[in-house]
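Atom set for the values below is all heavy atoms of this structure, side chains included, hydrogens, waters and symmetry mates excluded. Order of the sequence lines sets the chain letters (A, B, ...), proteins ahead of strands, with each chain counted from 1. Quantities reported herein were computed from a predicted structural model and do not represent experimental measurements.
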2 protein chains.
Amino acid sequence: MATGRHHRPATSRSRGIPEATVARLPLYLRALMALSERSVPTVSSEELASAAGVNSAKLRKDFSYLGSYGTRGVGYDVEYLVYQISRELGLTQDWPVVIVGIGNLGAALANYGGFASRGFRVAALIDADPALTGKPVAGIPVQHTDELETIISENGVSIGVIATPAGAAQQVCDRLVAAGITSILNFAPTVLSVPEGVDVRKVDLSIELQILAFHEQRKAGEELPGAEEEVDPAPHPVSPPAATVTKRETKRDGRDSNRDSGRGTGRDAKRPDSGPDGDLPAVMPA
Amino acid sequence: MATGRHHRPATSRSRGIPEATVARLPLYLRALMALSERSVPTVSSEELASAAGVNSAKLRKDFSYLGSYGTRGVGYDVEYLVYQISRELGLTQDWPVVIVGIGNLGAALANYGGFASRGFRVAALIDADPALTGKPVAGIPVQHTDELETIISENGVSIGVIATPAGAAQQVCDRLVAAGITSILNFAPTVLSVPEGVDVRKVDLSIELQILAFHEQRKAGEELPGAEEEVDPAPHPVSPPAATVTKRETKRDGRDSNRDSGRGTGRDAKRPDSGPDGDLPAVMPA
DNA sequence: ATGTCTTTGTGAACGCGTGCACAAAGATAC
DNA sequence: GTATCTTTGTGCACGCGTTCACAAAGACAT
């Protein structure tokens, strides 16, 4: 309970630009700036789309939300479009950013070049470790967490980056929000709860890898024509699952369950009680 | 167009688990392991959902794709569910991973604890800089790029992490794929093109910040009822886009040669100046 | 001018994802 | 056994996002 709203009305009803489109604008902008760098005057939707790795129809529709900035029969003026997208994204103004948690990751972020390239500027580095205080990272001296509120209000910071351990993230988040931050980029592997009106985006290495692993496993399974899937047929020769849990016995041990007949949709999956296919024991087996 | 396929059929038609669900499974798993740590035997969809920061109906529907693992009137068995999700994600097996590009970010990733926690294991660190070769990072000696193919084939690596500068990413990507990698996590700010069958997920700090900036700008605009917003009312005195780069050569590679000489007139830029909708005509202010 | 050619902008159809709301299933009490 | 209560599993509807396909718009040629 009390978990903060995770998202806005999602409709972005104010100016009617779909979220999915907003998420792609930076991609287009990057491609356009590369073209600009090479002094290319105009691009067609087809060219730009392939440079950005998207479908050309999608790109045109995305741009249509911004207005009609193209010329039929010719394409889009690169410089003009760069400016329009930059303005739409709010990149024509300066965005001071604070990074909280200057460990390996925080330091890497501070050093990241692409940071300052656009309108973003690292206003301060903050860490709870007194040993770090004053030490320069990426040319910026680390400040102690005690200064957090002061730094944010004095610099008018509205975007914060959390690169702390998971345990400290929610606490840091709360302080950031209380201090006036309204946008957070979270690198800690935790679900942050924030009041309405505060945006949170998360970057989670572990989750990304797990998603890749899922697809990887599926690929490996399909590879073989033999219809092996569902219940893992092959006992893994690798180490048993790192179940560090090993807690007390599950009092509800008789959990056999079973695999229903695949896609149970269409008919309510009758769950054959005490199925004959004794699947797996209650907890992480070998 | 030669540009690689961007995505799969997106439907994951093989086993019918929606992509959106797969992306949430790691979230559930994390919440479940926290519960397991505290020896909680069962959870309701409501509790687990709030811990994972999602809607309970969504969670139930997600789990329904995996099978019927709950008990009505009670909830879900934590240990059992941990195992089921782990298995579904392929986390019951060992996934060796290589990290290419051991700069600030690559080193931070190598040191990242959550990496090895699950089935993932850093099999090797690879960098093109000879000065780094042999130096241990996070306890693992960096190996030179020359060894890339050998490392991957000998260790049976199928997942690669790219943490190189943008310029090197595609090249590294091509070598990884040629060596047998079929899943890539890309931290370089570039669109990678890969052959079909290879999965790419990207993590892009700059894009995330730009998305936040967009919302931040919108918030600031709505804040004041009748204040500044919309298109900036003060259009810049029109100055030709030729500002920064005045090159004009259209010698772009073939395929558009049909109208090469045509638009060469010095002041060709004549796009929607003073367009019908009366928006601003200006361009990027340098 | 008229015609042809290229490329945009968008209406419309479709599919996926989300959330509601409720019947079904099991636990628990009696 | 029956009744009640809790919580799952899912049918259904709705809205967002993607894609197709084409008319409209402008450039260019004659």
Undergrad: Taking donor-acceptor contacts at under 3.5 Å, does the side chain of K61(A) reach the base of dT18(D)?
TA: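 No, no donor-acceptor pair under 3.5 Å.
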
Undergrad: With salt bridge (Lys or Arg N to Asp or Glu O under 4.0 Å) as the test, pick out the partner of D204(A) among R201(B), R24(B), R30(B).
TA: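 Option passing the salt bridge (Lys or Arg N to Asp or Glu O under 4.0 Å) with D204(A): R30(B).
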
Undergrad: If you only use heavy atoms from C-beta on, which nucleotide in dT18(C), dC20(D), dG9(C) is closest to the side chain of S64(A)?
TA: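 Taking heavy atoms from C-beta onward, the closest nucleotide is dG9(C).
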
Undergrad: Can you tell me how far P of dT18(C) sits from CD of E19(B), to the nearest Å?
TA: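 Taking atom P of dT18(C) as the reference, CD of E19(B) is at 12 Å.
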
Undergrad: Would you compute the distance between atom CD of E208(B) and atom CD1 of I184(A) and round it to the nearest 0.5 angstrom?
TA: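 So the gap between those two atoms works out to 14.0 Å.
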
Undergrad: For nucleotides 5-8 of chain D, print each protein N/O atom paired with a nucleotide N/O atom at under 3.5 Å, atom names and distance only.
TA:
| unit_1 | atom_1 | unit_2 | atom_2 | d |
| --- | --- | --- | --- | --- |
| dT7(D) | O4' | G73(B) | N | 3.1 |
| dT8(D) | OP1 | S45(B) | N | 2.4 |
| dT8(D) | OP2 | S45(B) | OG | 2.6 |
| dT8(D) | O2 | R72(B) | NH1 | 2.9 |

Undergrad: Starting at atom CZ of R24(A), determine the distance to atom C1' of dT19(D), rounded to an integer number of angstrom.
TA: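 In whole Å, dT19(D) C1' and R24(A) CZ are 12 Å from each other.
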
Undergrad: For the atom pair CD (Q210(B)) and CD (E216(B)), what is the distance rounded to the nearest 0.5 Å?
TA: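 Those atoms lie 14.5 Å apart.
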
Undergrad: Rounded to the nearest angstrom, tell me the gap between atom CZ in F63(B) and atom P in dA25(C).
TA: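 In whole Å, dA25(C) P lies 21 Å from F63(B) CZ.
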
Undergrad: Tell me: CG of N55(B) to P of dT10(D), nearest whole Å?
TA: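 Nearest whole value for this atom pair: 17 Å.
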
Undergrad: Could you check how far CG of L66(A) sits from P of dT10(C), rounded to whole Å?
TA: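 Between P of dT10(C) and CG of L66(A): 12 Å.
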
Undergrad: Have E46(B) and S50(B) got a donor and an acceptor in their side chains that come within less than 3.5 Å?
TA: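 Per modelled atom types, E46(B) and S50(B) side chains form no pair under 3.5 Å.
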
Undergrad: Would one find a side-chain N or O of K58(A) under 4.0 angstrom from OP1 or OP2 of dG17(D)?
TA: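 Checking K58(A) against dG17(D): no side-chain N or O falls below 4.0 Å of OP1 or OP2.
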
Undergrad: Nearest to the side chain of P18(B) - dT18(C), dA21(D), dG17(C)?
TA: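 Of the options given, the side chain of P18(B) lies nearest dG17(C).
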
Undergrad: Can you confirm if the aromatic rings of Y80(B) and Y69(B) lie within a centre distance of less than 6.0 Å?
TA: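 Judged by ring-centre distance (under 6.0 Å), Y69(B) and Y80(B) do meet the cut-off.
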
Undergrad: Within this structure, what is the CG-OH distance for the pair L25(B) and Y65(B), rounded to the nearest 0.5 Å?
TA: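 Reported to 0.5 Å precision, the distance equals 11.5 Å.
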
Undergrad: What integer distance in Å separates D62(B):CG from dT18(C):P?
TA: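 Atom-to-atom, D62(B) to dT18(C), this comes out as 7 Å.
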
